[in-house]
Every structure is written in structure tokens, then in C-alpha cells.
Amino acid sequence: MEVGIVGLKFTGKTTLYNVVTGAALPTGQGGVDPHRAIGKVPDARLDHLAQLYRPKRVVHAQVEWVDVPGFGSGATTDGAREATRFLEHARRVDALAQVVRCFDDGYGAPDPIGELTTLALELTVADLQIVENRIERLEKERRLKGKLASPLEPQMMERFRAHLEGEHPLRELTLNPDEAKLVAGYAFLTLKPLIVVLNHAEGEPPTAAVEAAARAAGAEVVTLCAKVEEELAALTPEEAREFLTDMGIAEPAAHRMIRAAYAALDVQSFFTVGPDECRAWTVRRGAFAPTAAGVIHSDLERGFIRAEVCAYDDLVAAGTHAAAKAASKVRLEGKSYVVQDGDILEIRFSV
Ligand SMILES: Nc1nc2c(ncn2[C@@H]2O[C@H](COP(=O)(O)OP(=O)(O)OP(=O)(O)O)[C@@H](O)[C@H]2O)c(=O)[nH]1
Ligand SMILES: [Mg+2]
């Protein structure tokens, strides 16, 4: 599961990439190669479970990040080449996090709404090209063979074309199951979840108009100052806590951004706990218990019998697993149980 950090040049993408992955790439330099690294998903619930169980090991859920080279605005040759490169990388990731520059810092007056429009237009035009090619192909296929392998596709593509021509992302459309299946083969860019990261100067949060434009453009908006997040990430946990308390903030904004990206991937976390290890695992939302068991180990899926389930909130309210059990908050669930975010699972299996 990969999240691409995308956007125009000098918006703070690499700065943010360093923060979420712990990498130390040079910033303010541009570059033409993407970078990828894995980052931990911060989760206060896991921290709390670790306090309860004092395990030897605490393992967070993970997300893979890609620092996608930025592209310039304007219709220069360089700009076109950069945009093509950006689109190639964007196609390969599962979700996009667009960093938008709301600070000046010597890079000129910021134009956040312009950046949102520029990126949206790049994605829309690229998708429109796919749709138009496909419509042409389908017409040819009908002429040659007299019928189509997927008779519903032309209608769908026409609907997509109209929507894209109106400069709207495909993610706004509701797809029926047949369409969802057809669409899976195309890697449409405007179908990918988009998180907008408004990167502002310290003490200068974006205006309401910018916030509104961001909300209209993306599924989720996170406002932060990447420079401050970078400084925060360099502190020891104690120093960071002190800093946040002084600022009256519960957690670094970067943590919210990571969780927003994680959620955008349509995944959730469940936990396993014990004296050896407390761990957050990642599974698709809507997954059944055996699938979640399979994330831990394929044997657990193959030999799945039941899952012992306790909701995180119930465990915390009860104080201990034993108390939760005494309060009938630990359930035995079967194969058709849909795992919920924050479930604490123990799998019973036999192979
Ligand atoms: N004032 C201010 N400067 C920032 C902020 N975030 C990043 N910068 C600075 O902006 C410059 C560009 O940051 P990068 O992270 O390299 O930007 P980028 O988007 O990766 O740039 P390209 O890879 O060239 O597209 C660096 O000098 C950063 O220190 C911020 O929140 N506030
Ligand atoms: Mg960069």
C-alpha cells in the first residue's frame, strides 16, 4: 500500500516525506528521481495497549511513501516532461497526498488554489485521454466483431467522459459493482483517494477560502507546517511531549496526516496483544475475520476456527482483558465476522 506525496515544485514534499518516514533526504533541491520508504503509523491506542501489557516489542502498522518529483506550472517543454513523469509515478500508487505551498520563504507569493487547480487538471486530462482512447477502441471492436466483450463499458466510458469534461474527478461518481470491476484495470488517477496537505508558514494558517478549495478538491484536508513538523520529529519523545503541551496541541499534525493517508487507503488496524508483543496489523475495511487472521499468518487463515474479539474502547473501559471478559465484552466470532477498526483479536485455529 503506497501513498504518493505529490505536488508542484518546492511545496515541501521532501520535507514532509522525511518527517513521515524518518528519512533524511536533502530538501530545497528538487531532483528527478522518486524516493520510497516505509513509515510507522502513529496510534495512541497501540501506545496505550503497550502501557497495559508492557510487552517486549511494540510493532506499529506501516505505510509505504513515495516522494514523487514535483512538476512546474506553465506550458514549457520542461514542464510538460515533468508533468508526464509525475503522472507515471502517480499511476503506480494507491493514494495521493498533494502538498500545497501556502508559504513564501523566498519561493514567491503562494498560489494554493492555483496549485490545486493545476494538479486536478493534470489528473483529469490524463484520465480523459484514457477514456477517449478506450471509447475509440470499443467502437473498433464493435465494428470488427459485431459485439463487445463487456457490453456495458461504452455507456460507462461515456459517463466518465462527460464527468471529466466537466472537470470533475471520477471519485465523485458512484460505481455499481460491475463498473467497479471494469474500472479496476485502468488505474484512473482521479479515482485515487486524494489528501490535500496545506503546508503553511509558522503562525500563518491558510485562509478560509483556501481551506474550502482544498476540501472541494480532496477527500481529506490536513493543515500543517512541514518545517515545524521536521523540527518536532527531531526531538526526543519527552521534548516533543513538552513542546506539544506548551503549544496546547495533542499530537503532531504529521500524525494526523499519516492517519488520514492510512484511512484513505481504505484500510484499518486491528491489534494483537500479549507479554511478548503488542502489534497493530493492517487489513482492508470490511474484511472478514479469517482474512485478518491471514494477515498475521497464513496458517491462522487456513485453520481458522474462531476469533476472540474485544473492542479497544471496551478493553480500555474495563481496564484489563480479564475485566473485559467478566463484563462480557469479549466475544467469540466466526468466519462471517466483519473486523472493526481497533478490534483486539485472538485467533483460535487448528492446522
Ligand atoms: N517556511 C517554510 N518553508 C518550508 C516549509 N516546508 C518546506 N519548506 C522549505 O521549502 C523548500 C522546499 O522544500 P522541499 O521539501 O525540498 O520541497 P519539494 O516539494 O520536495 O521540492 P521539489 O522536490 O523540488 O519539488 C525547502 O527549503 C524547505 O525548507 C514550511 O512549512 N514553511
Ligand atoms: Mg523534493
Side-chain angles (χ1 to χ4, degrees), residues 1-4 6 63-64 66 68 86-98 119-120 122-195 217-220 260-270 281-295 298 301-302 304 334-341:
M1 284 289 170
E2 287 186 347
V3 181
V6 300
V63 167
E64 189 161 4
V66 185
V68 175
F86 149 71
L87 291 170
E88 273 166 22
H89 293 301
R91 262 187 237 295
R92 294 195 200 117
V93 296
D94 302 292
L96 301 168
Q98 179 184 4
L119 190 118
E122 286 292 342
L123 302 181
T124 307
V125 168
D127 278 358
L128 194 55
Q129 208 153 38
I130 298 178
V131 166
E132 283 174 346
N133 288 345
R134 190 60 196 153
I135 288 174
E136 223 170 276
R137 284 268 178 85
L138 287 164
E139 274 164 14
K140 214 178 262 173
E141 187 184 326
R142 199 201 314 265
R143 255 186 286 125
L144 287 174
K145 299 187 183 157
K147 61 179 170 62
L148 293 173
S150 36
L152 289 174
E153 199 175 338
Q155 271 173 36
M156 180 184 84
M157 288 296 175
E158 287 297 348
R159 182 158 79 106
F160 285 8
R161 171 149 73 182
H163 194 73
L164 291 165
E165 278 173 351
E167 293 182 17
H168 293 291
L170 293 175
R171 79 179 79 81
E172 287 177 358
L173 294 173
T174 313
L175 303 180
N176 66 40
D178 289 331
E179 290 176 325
K181 218 178 279 168
L182 276 175
V183 124
Y186 290 105
F188 283 121
L189 290 159
T190 65
L191 214 47
K192 292 182 196 281
L194 175 72
I195 303 147
E220 189 108 30
Y262 187 70
L265 294 169
D266 201 30
V267 295
Q268 59 183 358
S269 292
F270 67 91
W281 303 84
T282 302
V283 74
R284 275 213 169 272
R285 280 193 212 133
F288 292 114
T291 307
V295 174
S298 55
E301 180 168 10
R302 215 155 33 89
F304 181 92
K335 288 187 175 166
S336 60
Y337 175 67
V338 177
V339 173
Q340 303 296 306
D341 185 46

Might you point out which heavy atoms bring [X] and [Y] nearest each other, and give the distance in Å?
| X | Y | result |
| --- | --- | --- |
| Gly334 | Phe304 | C-CE2, 3.9 Å |
| Asp127 | Leu191 | OD2-N, 4.4 Å |
| Leu119 | Phe86 | CD1-CZ, 3.6 Å |
| Ala126 | Leu189 | CB-CD1, 3.8 Å |
| Val3 | Ala97 | CG1-CB, 4.1 Å |
| Trp281 | Val295 | CZ3-O, 3.7 Å |

What is the distance from atom [atom1] of [X] to atom [atom2] of [Y], rounded to the nearest 0.5 Å?
| X | Y | atom1 | atom2 | value |
| --- | --- | --- | --- | --- |
| Leu182 | Leu175 | CG | CG | 9.5 Å |
| Leu265 | Arg284 | CG | CZ | 8.0 Å |
| Lys192 | Arg171 | NZ | CZ | 11.0 Å |
| Phe160 | Tyr186 | CZ | OH | 9.5 Å |
| Glu167 | Leu128 | CD | CG | 10.0 Å |
| Ile130 | Leu170 | CD1 | CG | 9.0 Å |

pair Met156-Val183: side-chain heavy atoms closer than 4.5 Å |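 Result yes, sub-4.5 Å side-chain heavy-atom pair found.
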Could you check Phe288 against Val338 for side chain to side chain contact (heavy atoms under 4.5 Å, CB included), going step by step and ending with a plain yes or no?
-> CA-CA 4 Å; Phe288 292 114; Val338 177; 3.6 Å; yes
For the backbone of [Y] and the side chain of [X], can you confirm whether one donor and one acceptor N or O come within less than 3.5 Å of each other?
| X | Y | answer |
| --- | --- | --- |
| Gln98 | Ala120 | no |
| Arg285 | Ala263 | yes |
| Glu220 | Gly218 | no |
| Thr190 | Leu123 | no |
| Glu179 | Asn176 | yes |

Residues forming a side-chain hydrogen bond (donor to acceptor under 3.5 Å, both in side chains) with Ser269, sequence neighbours excluded =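 Ser269 satisfies side-chain hydrogen bond (donor to acceptor under 3.5 Å, both in side chains) with Tyr262 only.
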Carefully, step by step, assess Glu158 and Ile135 under the rule side chain to side chain contact (heavy atoms under 4.5 Å, CB included).
-> CA-CA 8 Å; Glu158 287 297 348; Ile135 288 174; 3.7 Å; yes
Going by the salt bridge (charged side-chain N to carboxylate O under 4.0 Å, His left out) test, which pairs reach into residues 131-141, not counting sequence neighbours?
->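 Non-adjacent pairs meeting salt bridge (charged side-chain N to carboxylate O under 4.0 Å, His left out): Arg134-Glu153.
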Between side-chain atoms of residues 87-94 and protein atoms elsewhere (two or more places apart, or another chain), which donor-acceptor pairs fall under 3.5 Å?
{"unit_1": "Asp94", "atom_1": "OD2", "unit_2": "Glu2", "atom_2": "N", "d": "2.7"}

